[in-house]
Amino acid sequence: MKKRLLLLGLKFVWGLALVTVIAWYSDMGESWTAIRTARPAPLVLATLLGVLSVFLAAVGVTLVGRAVSDELGWLEGIKGFCLAWVLGFFLGRVSELSLPVFWRRHLPVSQGAAVVLVDKLVSVTWVTVLGSVGLGLLVDPRVGLLAGGLGVAGLGGVLFVMLSDSARRVAGKLLPDRWVDTLRDLPDTFRLVTQRRRSAVVANVIITGLRAVLHGVILVVLMAALGQTLSPIIGIAIQAMITLTSLIPGSFMGLGYWESVYVMGLGRAGVGAADALAAALIWRALNLAIMPPILLFGWSQRTGSAGP
């Protein structure tokens, strides 16, 4: 436990250092002025769209979960996701793998892990493609094409390993023994998820794409609050790159990573560094603001589902 707390503290210090450097070069005074003078109506709209995004994500992953086990109810699935989402925000998106633990009363952990894996593969595929489009639009089309190709190839390799009989052997080399024992049925369960009700997986793909578009709209709304205009296509691409950076370990809540992508991406789109940093800080604050009600909603599953 002490090592985990120390690692968490180091991640926080590293992220704070990154934010400090970015703020130093972005004129923090102008950023605070932009935040104070931001129009409230677009901020309220961005907050509501953020809540809608979390709800859509919960629906998408619960659809896949119910494709495996009808015992997983809609309410239990959505509440479990809410808990995992809050945990994942603070400890890194990979921590959303805690979702199978919250669902364990309704389906085995190995099946829940397969559900999360399907959802993650769909999500990362979307943001890889859209993020590469962003690189192509903001930097160089060849760079974007190369990044997208490498990303999709890497995801294809992960998918191949998970569907092959070598999955357990690979997992045995990369994961602790207790994880290997827990996930020993993962390949078969993964095939069950993708074959039993393919319509659920297709629906998850569509919902994930809608969420990517929604995130782009949120960035456009944030920039409108600051008196700036932004192309929705650029907004979608930048938000996709934000999601990709959230998968990179080493920073607490993605501190420094989000801000870097906002400043560089929006800068290439013609937005000043001060306004870009202001948008990043506002979006982080809005995420923190919607967490308490989402956490309370999810926690009601824990307190209201106590059983033998």
Side-chain angles (χ1 to χ4, degrees), residues 44-127 186 189-190 192-194 196-215 217-218 239 243 246-247 253 283 286-307:
V44 173
L45 176 59
T47 304
L48 295 176
L49 293 177
V51 175
L52 177 60
S53 173
V54 176
F55 175 76
L56 286 176
V59 170
V61 73
T62 303
L63 263 172
V64 182
R66 286 176 54 81
V68 177
S69 174
D70 294 325
E71 294 182 8
L72 178 65
W74 279 104
L75 190 58
E76 292 83 358
I78 291 174
K79 286 185 175 183
F81 177 86
C82 288
L83 288 173
W85 182 81
V86 174
L87 180 63
F89 187 88
F90 283 100
L91 302 180
R93 293 302 180 189
V94 177
S95 292
E96 288 175 3
L97 292 174
S98 60
L99 181 57
V101 178
F102 298 127
W103 281 0
R104 66 184 181 274
R105 294 182 67 251
H106 308 285
L107 69 164
V109 172
S110 61
Q111 293 186 352
V115 170
V116 173
L117 179 61
V118 170
D119 181 71
K120 280 298 179 185
L121 285 173
V122 170
S123 176
V124 176
T125 301
W126 267 110
V127 298
L186 187 57
T189 307
F190 186 85
L192 174 65
V193 171
T194 55
R196 185 184 178 201
R197 293 181 186 171
R198 293 183 181 178
S199 59
V201 179
V202 172
N204 181 276
V205 172
I206 295 174
I207 290 174
T208 304
L210 289 176
R211 290 186 64 233
V213 174
L214 184 61
H215 289 170
V217 173
I218 289 173
Q239 292 288 58
T243 304
S246 68
L247 298 174
M253 294 193 304
W283 182 226
L286 294 181
N287 270 274
L288 292 173
I290 67 177
M291 279 188 184
I294 289 176
L295 178 62
L296 290 175
F297 173 73
W299 191 256
S300 63
Q301 178 204 36
R302 308 287 296 172
T303 57
S305 62

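- Of all non-hydrogen atoms in C82 and G298, the two that sit nearest each other are CB-CA, 4.1 Å.
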Before giving the answer on side chain to side chain contact (heavy atoms under 4.5 Å, CB included), spell out for K79 and F102 the whole-Å C-alpha distance, their side-chain angles and the decisive distance to 0.1 Å.
CA-CA 9 Å; K79 286 185 175 183; F102 298 127; over 6 Å; no
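- Scanning all heavy atoms of the two residues, the minimum distance from W283 to A46 falls at CZ3-O, 4.1 Å.
- Residue N287 holds its CG atom at 9.0 Å from OG1 of T47, rounded to the nearest 0.5 Å.
- We find the CH2-CG distance between W74 and L63 to be 3.5 Å, quoted to the nearest 0.5 Å.
- Closest approach of W103 and F81 over heavy atoms only: NE1-N, 4.4 Å.
- With sequence neighbours excluded, the residues satisfying side chain to side chain contact (heavy atoms under 4.5 Å, CB included) with P108 are S110, Q111.
- Remark: W85 CH2 to L99 CG distance equals 14.0 Å, nearest 0.5 Å.
- Take T208 and apply the side chain to side chain contact (heavy atoms under 4.5 Å, CB included) test, not counting sequence neighbours, and it matches V122, S123, W126, N204.
- The shortest non-hydrogen separation linking S98 to L87 is OG-CD2, 3.4 Å.
- Of all the heavy atoms in R66 and D70, the pair that sits closest is O-OD1, 3.3 Å.
- Every residue meeting the side chain to side chain contact (heavy atoms under 4.5 Å, CB included) condition with V44, not counting sequence neighbours, appears here in chain and number order: L48.
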Can you give me every donor-acceptor pair (side chain of residues 50-61, partner residue at least two apart or in another chain, under 3.5 Å) with its distance?
unit_1, atom_1, unit_2, atom_2, d
S53, OG, R211, NE, 3.3
S53, OG, R211, NH2, 3.3
S53, OG, H215, NE2, 2.7

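- The CG atom of L295 lies 12.0 Å from the CD1 atom of I290; values are rounded to the nearest 0.5 Å.
- For the pair P100 and A113, the tightest heavy-atom approach, listed with the atom from each and the gap, is CG-N, 3.4 Å.
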